[in-house]
Amino acid sequence: MKIARFVLKIVAASLAAVALACCAVAYWDKITDFFCSLTGKVKEKTASCHCSYPSEYDDYADWDME
């Protein structure tokens, strides 16, 4: 009886893993859209940061190029 329970636990775990993989494949477009929007929001937050570093070209901004 212990062997049957062990085998059934292995079968249940493998079926759960396969179901998770199927869900990932079925909703792949929504998953990627979520992460793309998340990275976009992070970039917006860091772009509006007031502690931005000066550009290397700021040193030459006052030179007149004629």
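Through side-chain heavy atoms spaced under 4.5 Å, either directly or across other Ile, Leu, Val, Met, Phe, Trp or Tyr residues, V7 is tied to I3, V11, L15. Other residues sharing a hydrophobic cluster with V18 under the 4.5 Å side-chain heavy-atom criterion for ILVMFWY residues do not exist; the residue is a singleton.
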Please table the atom pairs, donor to acceptor, closer than 3.5 Å between any side-chain atom in residues 28-42 and protein atoms at least two apart or in another chain.
unit_1 : atom_1 : unit_2 : atom_2 : d
T32    : OG1    : W28    : O      : 3.1
T32    : OG1    : D29    : O      : 2.9
S37    : OG     : D33    : O      : 3.3
S37    : OG     : F34    : O      : 2.8
T39    : OG1    : F35    : O      : 3.2
T39    : OG1    : C36    : O      : 2.8

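Applying the side chain to side chain contact (heavy atoms under 4.5 Å, CB included) rule to V25 yields no partners; only residues at least two apart in sequence or on another chain are considered.
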